[in-house]
Participant: 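The following block contains the structure, expressed as structure tokens.
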Amino acid sequence: MHTGEIIRFYREKAGLTQSQLGEGICTTTHVSKIERGKTAYSDEIVSLFSERLGIDIHHELETYQLLDKQLHLWHNSIIMRRMNLVEKIKLQLEKSAFLESSKHGTHYHLLRARYYILHQKTDAASAILDSINPGNLRAFETNLFHHVQGIIYINLNSDENQQKAIKALQKIDMNDYQNRECYYHLSVAYHCVGNKVMAYYYAEKALSYFKETNNYIGSIKAESLMLLQLSGENHLTERYRHLIEDCDSLGFLEQKGMLLNNLGYEFYNRSNFLQASRCFKEALSLAEKGSATYLRRLCNYTDACMEGKLCTDKELKKHIHLGLQLSKSLKSTLFLKLFELFSLKKDQRRDEYVSYLEREALPYFIETKNLLLIDRYGKELYEHYVEREQLNNAIRLTRQLETSR
């Protein structure tokens, strides 16, 4: 924002016309050209304008020059998850009278979207992006737009949205953007669609960036993603334990919970349900009760307990009841269907379980392109058909599953 733009902002705020502002000072045409930065002007004219508007133009210019630095510091603080600084800068920016109407306005709103994502308010972030026309952005803002859009798609939790995330993130021109954090989000999206090679490749690039910038939280998250791509290898448990110890020493409880949950998956895939349940239970204790993360970990813990027969019916009933309640309150169709399956399985209502899987659960997993659940429950239903010698159903299901991939 040039001096003229500041004058225009405060003139409009004061409800003055260009003619009223320039009365006794200069012509209306000259005021217009000054505001648009189309003509030279004397310090005396600017001083008279400032006096009439009741502002200190030099202070306003200094404040403006700080905005760009504050926005980049806010962005960096969000990336580094320095929450105290994130909140402090947010309050400072909100006090700026002309930030939103300046050339930094779009940059500010895109960072507000990232702020909302940081606080797991995806709907609020999406609303901001919907209000921005990507065709009118500068190069850096265009790349930031694609980055934020990619993160939002990732948070929408379906294979289809992960593909959209990849497309959005691949539009980023690193020569203009230079924020290599986006490699981490590309890795997440590739991991979610089951592309282990690309997920590992981008996680490794993200890890290098996070180490260069001393981003310890980012480094742990990137290395955790790399471990997920190596699932099944014998040395992974030790590497997970080392990362968990690092989180303990640094006080990173959120990252510790994530690692414990991932280690639980590792044990679960090896059919070591006892160790899996222990990891999921500890991860659950580190999640905010009632949150989406808590619901996901509760589902994992309940699943491991059921598969390993590690809980009494009373305990399972309690976990499932809580899972159904949370699924409804969070409006999570995915977990509502999973906990409904758990409930029917616990009560050994086999016919109702198969019917619900056929009519409700599996069609939803296919519709949302959730490949992991399609593979798991598709295989289970196929084996049921074969066991009951329902070969036509088995053939139909096989074709349906092949089409869904």
Participant: Identify whether the distance between the nearest side-chain nitrogen and carboxylate oxygen of E35 and R11 falls below 4.0 Å.
Facilitator: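 Here E35 pairs with R11 in a salt bridge, since their nearest N and O are under 4.0 Å apart.
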Participant: Distance check, rounded to the nearest 0.5 Å: L21 atom CG versus F49 atom CZ?
Facilitator: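 Taking CG in L21 and CZ in F49, the distance rounds to 4.5 Å.
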Participant: Give a yes or no on whether a salt bridge exists between E94 and K90, defined as a side-chain N under 4.0 angstrom from a carboxylate O.
Facilitator: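 K90 and E94: salt-bridged.
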Participant: Does the side chain of Y108 pick up a donor-acceptor pair with the side chain of Q70 at under 3.5 Å?
Facilitator: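 No, no side-chain donor-acceptor contact under 3.5 Å.
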Participant: Do other residues, nucleotides or ligands put more than 12 heavy atoms under 6.0 Å from the CD atom of E51?
Facilitator: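 For E51, atom CD is not crowded (no more than 12 foreign heavy atoms under 6.0 Å).
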Participant: In plain terms, say whether E402 and R399 are close enough for a salt bridge, that is, a side-chain N and a carboxylate O under 4.0 Å apart.
Facilitator: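 No, this pair does not count.
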Participant: Which residue pairs pass the side-chain hydrogen bond (donor to acceptor under 3.5 Å, both in side chains) test with at least one member in residues 284-295, sequence neighbours excluded?
Facilitator: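 Residue pairs with at least one partner in residues 284-295: there are none.
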Participant: If you measure from the Lys or Arg side-chain nitrogens to the Asp or Glu carboxylate oxygens, is any gap between E282 and K256 under 4.0 Å?
Facilitator: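 A salt bridge is present here (some side-chain N lies under 4.0 Å from a carboxylate O).
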Participant: Closest approach of A199 and H191, non-hydrogen atoms and distance?
Facilitator: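 Minimum heavy-atom separation between A199 and H191: CB-N, 3.6 Å.
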Participant: Side-chain donor-acceptor pair under 3.5 Å between R112 and H109, yes or no?
Facilitator: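 Side chains of R112 and H109: pair found under 3.5 Å.
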Participant: Are there more than 12 heavy atoms of other residues, nucleotides or ligands under 6.0 Å from atom OH of Y356?
Facilitator: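 Enclosed: over 12 neighbouring heavy atoms sit under 6.0 Å from OH of Y356.
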Participant: Between K196 and L228, is there a side-chain heavy-atom distance shorter than 4.5 Å?
Facilitator: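 They are not in contact (no side-chain heavy atoms under 4.5 Å apart), so the answer is no.
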Participant: Just wondering, do L111 and Y115 contact through their side chains at under 4.5 Å, heavy atoms?
Facilitator: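 Side chain of Y115 against side chain of L111, heavy atoms only: no contact under 4.5 Å found.
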Participant: Start with the C-alpha gap between T28 and T17, add the side-chain angles, then the distance that decides, and say whether side chain to side chain contact (heavy atoms under 4.5 Å, CB included) holds.
Facilitator: CA-CA 9 Å; T28 301; T17 65; over 6 Å; no
Participant: Measure across C299 and L338 and return the closest heavy-atom pair with its distance rounded to 0.1 Å.
Facilitator: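 Looking at all heavy atoms of both residues, the shortest contact is SG-CD1, 3.9 Å.
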Participant: For I172 and L169, run side chain to side chain contact (heavy atoms under 4.5 Å, CB included): C-alpha distance rounded to whole Å, both residues' side-chain angles, the deciding distance at 0.1 Å, then the answer.
Facilitator: CA-CA 6 Å; I172 295 173; L169 293 167; 4.1 Å; yes
Participant: Report yes or no: does N269 contribute a side-chain atom to a donor-acceptor pair with the main-chain N or O of Y265 at less than 3.5 Å?
Facilitator: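 Yes, the answer is positive, given that a donor and an acceptor are paired below the 3.5 Å cut-off.
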Participant: Classify the side-chain pair S355/R359 by whether it contains a donor and acceptor separated by less than 3.5 Å.
Facilitator: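 Judged by distance alone, the side chains do pair up.
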Participant: Are H107 and H72 close enough that their ring centers fall under 6.0 Å?
Facilitator: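 Yes, close enough.
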Participant: Is there a donor-acceptor pair under 3.5 Å between the side chain of Q162 and the backbone N or O of V193?
Facilitator: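 Flag not set: sc Q162 to bb V193 has no pair under 3.5 Å.
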Participant: With a 6.0 Å cut-off on ring centres, are F273 and Y268 close enough?
Facilitator: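 For F273 and Y268, the ring centres are under 6.0 Å apart.
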Participant: Answer with yes or no after comparing the ring centroid distance for Y177 and F140 against a 6.0 Å cut-off, counting only values under it.
Facilitator: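 Under 6.0 Å, so yes.
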Participant: Does L372, at its CG atom, have more than 12 non-hydrogen atoms belonging to other residues, nucleotides or ligands within less than 6.0 Å?
Facilitator: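 Open: at most 12 neighbouring heavy atoms sit under 6.0 Å from CG of L372.
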Participant: Supply the atom-to-atom distance L110 CG to L137 CG, rounded to the nearest 0.5 angstrom.
Facilitator: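 Nearest 0.5 Å value for the CG-CG distance: 6.5 Å.
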Participant: Please report the shortest heavy-atom distance between H185 and I154, naming the atom on each side.
Facilitator: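 In terms of heavy atoms, the two residues are closest at O-CD1, 3.2 Å.
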Participant: Scan side-chain atoms only and decide if T368 and E160 contain a donor-acceptor pair under the 3.5 Å cut-off.
Facilitator: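 E160 and T368 do not have a side-chain donor-acceptor pair below 3.5 Å.
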Participant: Tell me if a side-chain donor or acceptor on E266 pairs with a main-chain N or O of N262 at a distance below 3.5 Å.
Facilitator: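 Such a contact is absent between E266 side chain and N262 backbone.
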Participant: Hey, is CG on N133 packed in by over 12 heavy atoms from elsewhere, all under 6.0 Å?
Facilitator: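 Above 12, so yes.
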Participant: Under 3.5 Å, side chain of E238 to main-chain N/O of H235, donor-acceptor pair present?
Facilitator: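 Judged by distance alone, no pair lies under 3.5 Å.
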Participant: State, to 0.1 Å, how close Y216 and F252 come at their nearest heavy-atom pair, and which atoms those are.
Facilitator: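 Shortest heavy-atom contact: CB-CE1, 3.8 Å.
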Participant: Just wondering, are more than 12 heavy atoms of other shown residues or ligands nearer than 6.0 Å to CD in E212?
Facilitator: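 Enclosed.
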Participant: How far does CG of L186 sit from CG of L225, to the nearest 0.5 angstrom?
Facilitator: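 Rounded to the nearest 0.5 Å, the CG-CG separation comes to 11.5 Å.
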Participant: Do the side chains of Y200 and L230 get nearer than 4.5 Å, heavy atoms only?
Facilitator: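 Yes, close enough: below the 4.5 Å cut-off.
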Participant: If we only count heavy atoms from C-beta on, is the K221 to M258 side-chain gap below 4.5 Å?
Facilitator: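 In contact.
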Participant: To the nearest 0.5 Å, how far apart are CD in E360 and OG1 in T333?
Facilitator: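 With rounding to 0.5 Å, CD (E360) is 10.5 Å from OG1 (T333).
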Participant: Using atom types as modelled and distance alone, determine if a side-chain donor or acceptor of R349 lies under 3.5 Å from a backbone N or O of L344.
Facilitator: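 Checked: no pair found.
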Participant: For the residue pair L227 and L263, establish whether any side-chain heavy-atom pair is separated by less than 4.5 Å.
Facilitator: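 No. Closest side-chain heavy atoms not under 4.5 Å.
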Participant: Quick one: does any side-chain atom of S329 pair with a main-chain N or O of L326 as donor and acceptor, under 3.5 Å?
Facilitator: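 Yes, the answer is positive, given that a donor and an acceptor are paired below the 3.5 Å cut-off.
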Participant: Say whether, by atom type as modelled, one donor and one acceptor occur between the side chain of R82 and the main chain of N76 under 3.5 angstrom.
Facilitator: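 No: the side chain of R82 does not pair with the backbone of N76.
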Participant: Which atom names give the shortest non-hydrogen contact between L324 and E340, and what distance separates them?
Facilitator: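 For L324 and E340, the tightest heavy-atom pair comes out as CD2-N, 3.9 Å.
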Participant: Given the rule in the side chain to side chain contact (heavy atoms under 4.5 Å, CB included) test, do L274 and R278 qualify, once you have shown the distances and angles that lead to the verdict?
Facilitator: CA-CA 6 Å; L274 177 60; R278 288 172 177 171; 3.7 Å; yes
Participant: Indicate whether the side chain of E358 and that of Y353 have a donor and an acceptor atom separated by less than 3.5 Å.
Facilitator: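 No, Y353 and E358 have no side-chain donor paired with an acceptor closer than 3.5 Å.
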Participant: Is it true that, when you exclude H119 itself, more than 12 heavy atoms of the residues, nucleotides or ligands shown sit nearer than 6.0 Å to its NE2?
Facilitator: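 Counting other residues, nucleotides and ligands, NE2 of H119 exceeds 12 neighbours.
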Participant: Does any N or O in the side chain of N143 come within less than 3.5 Å of the main-chain N or O of A139, such that one atom is a donor and the other an acceptor?
Facilitator: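 Side chain of N143 to backbone of A139: a pair is present.
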Participant: Calculate, to the nearest 0.5 Å, the distance between atoms CD1 and CD belonging to I25 and E23 respectively.
Facilitator: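 These two atoms lie 9.0 Å from each other.
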Participant: Taking atom CG of D130 as the centre, does the number of heavy atoms from other residues, nucleotides or ligands within less than 6.0 Å exceed 12?
Facilitator: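 Yes, CG of D130 has more than 12 neighbouring heavy atoms, counting only those of other groups under 6.0 Å.
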Participant: Closest approach of L295 and S327, non-hydrogen atoms and distance?
Facilitator: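 So the minimum-distance heavy-atom pair works out to CD1-OG, 3.7 Å.
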Participant: Enter the distance from R114:CZ to S77:OG here, rounded to the nearest 0.5 Å.
Facilitator: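 Spacing of CZ (R114) from OG (S77) equals 11.5 Å.
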Participant: So does Y382 have more than 12 non-hydrogen atoms from other groups sitting under 6.0 Å from OH?
Facilitator: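 Counting neighbours around OH of Y382, 12 or fewer heavy atoms of other residues, nucleotides or ligands fall under 6.0 Å, so no.
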Participant: Tell me whether the NZ or CZ atom of K121 lies within the 45° cone about the ring axis of Y116 and under 6.0 Å from its centre.
Facilitator: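 No.
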Participant: Is any side-chain N of the basic residue among K346 and D313 closer than 4.0 Å to the acidic one's carboxylate O?
Facilitator: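 Between D313 and K346 there is no salt bridge, as every charged N stays at least 4.0 Å from the carboxylate O atoms.
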Participant: Walk me through it: do F365 and Y377 pass the test ring-ring contact (aromatic ring centres under 6.0 Å, His included)?
Facilitator: CA-CA 9 Å; F365 302 152; Y377 287 101; 5.7 Å; yes
Participant: Are the aromatic ring centres of F339 and F342 under 6.0 angstrom apart?
Facilitator: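 F339 vs F342: aromatic centres under 6.0 Å.
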Participant: Give the intermediate values and the outcome of side chain to side chain contact (heavy atoms under 4.5 Å, CB included) for residues H384 and R350.
Facilitator: CA-CA 10 Å; H384 169 80; R350 182 62 180 172; 3.4 Å; yes
Participant: Output, in order, the C-alpha distance, side-chain angles, deciding distance and verdict of side chain to side chain donor-acceptor pair (under 3.5 Å) for S32 and R36.
Facilitator: CA-CA 6 Å; S32 175; R36 291 181 289 123; 3.2 Å; yes
Participant: Could you tell me whether the side chain of T302 and the main chain of L298 form a donor-acceptor pair under 3.5 Å?
Facilitator: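 Yes; at least one donor-acceptor contact below 3.5 Å.
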Participant: Inspect the contact between E5 and K103 and indicate whether a charged nitrogen and a carboxylate oxygen are less than 4.0 angstrom apart.
Facilitator: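 Answer for the salt bridge query: no.
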Participant: Would you mind checking if E307 and K345 are paired as a salt bridge, meaning a charged N to carboxylate O distance below 4.0 Å?
Facilitator: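 A salt bridge is present here (some side-chain N lies under 4.0 Å from a carboxylate O).
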Participant: Please check this pair: side chain of S249 against backbone of D246, looking for a donor-acceptor N/O pair closer than 3.5 Å.
Facilitator: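 Looks like yes, one N/O pair under 3.5 Å.
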